[in-house]
Number of protein chains: 2
Amino acid sequence: MEHKSITIYDIAKEAQVSSATVSRVIAGNYPVKEETRKKVIDIIHKYDFQPNAVARSLSKKETKMIGFILPDITNSFFSQVFIEAEKYALTKGYTLLLCNSMNNSEMESKYLKILAERQVEGIILMGGRINKALPDVMEVNELSQVMDKMPVLMINGKIDGLDCYSIRTDEAHGIEIIIDHLVSQGHEKIGLIGGIEGITTTDIKVEAYRNALTKYGLPIRDSWQIYSGFDIERGEEAINNLIEVNKEDLPTALIGINDLVIIGALKECRRKKINPFAFVGFDNTDLAKNSNPELTTVSHPYKELGENAIDLLIQPQLNQKKSENKDILMEPYLEVRESCRKIFIEK
Amino acid sequence: MEHKSITIYDIAKEAQVSSATVSRVIAGNYPVKEETRKKVIDIIHKYDFQPNAVARSLSKKETKMIGFILPDITNSFFSQVFIEAEKYALTKGYTLLLCNSMNNSEMESKYLKILAERQVEGIILMGGRINKALPDVMEVNELSQVMDKMPVLMINGKIDGLDCYSIRTDEAHGIEIIIDHLVSQGHEKIGLIGGIEGITTTDIKVEAYRNALTKYGLPIRDSWQIYSGFDIERGEEAINNLIEVNKEDLPTALIGINDLVIIGALKECRRKKINPFAFVGFDNTDLAKNSNPELTTVSHPYKELGENAIDLLIQPQLNQKKSENKDILMEPYLEVRESCRKIFIEK
DNA sequence: TATTGTAAAGAAACCGGTTACATAATAAAA
DNA sequence: TTTTATTATGTAACCGGTTTCTTTACAATA
């Protein structure tokens, strides 16, 4: 930064050609005589010259940067998508700009502004707002304003007023997969804990849960489906609630609205020294792999979510032309681990 | 991107002033007549004009971007530092460019190149290489080349040949804190598991462990200090090894080289239905908070690490002038949770 | 009133690339 | 050999800001 950096003009002078030629050699897609090319390349190597991407961006009006806004990278649900997106973007020549909004709409606004100023070519928006009953009006306005300037894509969280691409996990199918598996293991009494009624993810899962039980002709017991919330403490609560309400007639398998809730449930069962359940989580966070026992859980298709998000954003023709379905569902899969092996069932 | 964007010239034309004046109004630190200023500001608001940061960067030769290379953002040890650095950088007007090297030196090189081209104003390098007995010669060369162009700072991982700032947790003191605590809880037989001899972190911790025991006049038993590795499986192994070697004469408290190892140990003890220990981890990853029982662990001073890294990088005078001590230690602290409450000791 | 100083604003160069357009050099065709 | 394509290269404008250097306007001082 401090001392004047070396430019294509320096290279050009030493190679006794014009800067345009140097530029062409670097770009590689223009006709340049092999001899000239060699000469220029040699000097580039000699000085280990690296073209200034800022100048290039200004000139070409393309920054090869994509903004990625998410609530909290510390949460492995988000980081797993992000890292896949990043790896893939790299292969396409794009760099991601990670922005942690901390679920704070002021920070989100701030970042939207920064990203616009920095001329990113698109924005990926993840999470958070799916948990809001009503999306903020300000937010919708702000986002549609942003969408005038660049493509926006949402992962796992569609806002109704917004006509942008949305790509998300087919969570209903996730629940179905779980129940298929549990049934194949001999379970007939299956409960679902966690979540809050009225919030999209929860409602989707609860409905899928009911449908799947119906499909198998299994009993649907309202007292086996307990709303509570989304974190570990809510899982503990749910267990206590479940036991109190059902007394002896408990389910043999429990599905959590997410990993945290089911981990809370596991914990509470351990504390109470009861272990009547097969446990299945949802999300496949790092906690699931490392919990004790290791948690069977539905995994989001992290890789596909990340890669498809990038693809959709950087392929201009796909983005603009046909106004086909902009709502894309990706298939989750079951990660079977020890928390619902038969050994837990027999017990 | 598509349609021509509105520029400072458009604003100038409409306000009937020169572009220089608009620029001055935006910058805010030049004398502009209040009347003119108003006029310009109004038009800026009218169009919701956002100055092009790329053009500004080129002109001012400052990008307000900092590269942050780490092995894997999915690992909460790294993400916790990153997020603190990001939050702080934001308040200073800087944006971080996150680069996941996946512990792959080719990717690291690639990212170093990208960051240089993008004209970042500094690079923070975290983790990974501390686990290598010998740092890659290529890597050292490459890094010192980078250091000619911009400041580089390493967090928790100093490379010997490299004269750059390094900021890291005082891990020796971390171990001391643990032992202070355990002793205060009545423990006298304290073991340490995990790590690999010859790797810096491990050696530092083992030495501190011995010193602390000596300080308290407690027995140092070689068979209570078991090398094994750094992940959950290594923790399980260590327990088996410990039991086999020591038969009945086991320690009453176990320190893990990190959270993963001690979680593995916990798991194996559960499986074997033995629970003679107080368990203490190291790192305070998200696993520690959410494990069962919740894990007492030494926390890195994540916030300070992140913030100081940014400060050191963006304060030019600090960076260049005095070649004072470039090796900075930050103090960790103990996060006491249920895994080593007295109840576990008495049992 | 003439002179000097200061504040406000404009003109133009500059940052380091890209690229449309023009020109020179070379190869192919007449 | 002259004409015509084609390839290779140079010139210069442009991207959208910042900033140095000047000029102009106006107030203060002599």
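Note on naming: letters A, B, ... go to the chains in the order of the sequence lines (proteins, then strands), and numbering restarts at 1 for each one. Atoms considered below: every heavy atom in the structure, side chains included; atoms not considered: hydrogens, waters and symmetry mates.
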In whole angstroms, the gap separating P of D/dT11 from CZ of A/R24 amounts to 11 Å
Q) D/dG17 base to B/S59 side chain: any donor-acceptor pair below 3.5 Å? A) yes
Any donor-acceptor N/O pair, A/N100 side chain to A/M102 backbone, under 3.5 Å:
no
Taking D/dG16, C/dT18, D/dT9 as options, the one with an atom nearest any side-chain atom of A/Y9 is C/dT18
_Check: A/I66 and A/L115 side chains under 4.5 Å, non-hydrogen atoms_ = no
Worksheet item: For B/M150, does its backbone N or O pair with a side-chain atom of B/E121 as donor and acceptor, under 3.5 Å?
Response: no
Among D/dG16, C/dG17, C/dA20, the one nearest any side-chain atom of A/I8 is C/dG17
Here the distance between atom P of D/dG17 and atom NZ of B/K60, to the nearest Å, is 13 Å
So, with a heavy-atom separation below 4.0 Å from DNA chain C, the residues of residues 33-44 of chain B are B/K33, B/T36
Exactly one of B/K149, B/K113, B/Q119 clears side-chain hydrogen bond (donor to acceptor under 3.5 Å, both in side chains) with A/Q50, and that residue is B/K149
Checklist entry - B/Y30 versus B/T21: any side-chain heavy-atom pair under 4.5 Å? => result no
To the nearest angstrom, the CG-P distance between B/D10 and D/dC15 comes to 11 Å
Within residues 16-23 of chain A, those residues having any heavy atom closer than 4.0 Å to DNA chain D are A/Q16, A/V17, A/S18, A/A20, A/T21
Notebook entry, point to check: Is there side-chain contact between A/L112 and A/L143, with heavy atoms separated by less than 4.5 Å?
Noted result: yes
Rounded to whole Å, CZ of B/R118 lies from C1' of C/dC15 at a distance of 18 Å
Checking D/dG17, C/dT18, C/dA9 against the side chain of B/T7 (C-beta onward), the nearest is D/dG17
- Query: Taking C-beta and beyond as the side chain, do B/Y88 and B/L90 meet within less than 4.5 Å on heavy atoms?
  - Reply: no
Whole-Å distance, B/I11 CD1 to D/dT18 P, equals 13 Å
Taken to the nearest whole Å, CD1/A/I6 to C1'/C/dC15 is 16 Å
Checklist entry - Going by the angle between their ring planes, with limits at 30° and 60°, are B/F77 and B/Y302 parallel, tilted or perpendicular? => result perpendicular
Here the distance between atom P of C/dA20 and atom OH of A/Y30, to the nearest Å, is 6 Å
**Prompt:** Counting only heavy atoms not in B/E35, do more than 12 fall under 6.0 Å of its CD?
**Reply:** no
Atom CD1 of A/I26 and atom C1' of C/dT18 are separated, to the nearest Å, by 11 Å
inquiry  = Any side-chain N or O of A/K61 below 4.0 angstrom from OP1/OP2 of D/dG16?
reply    = yes
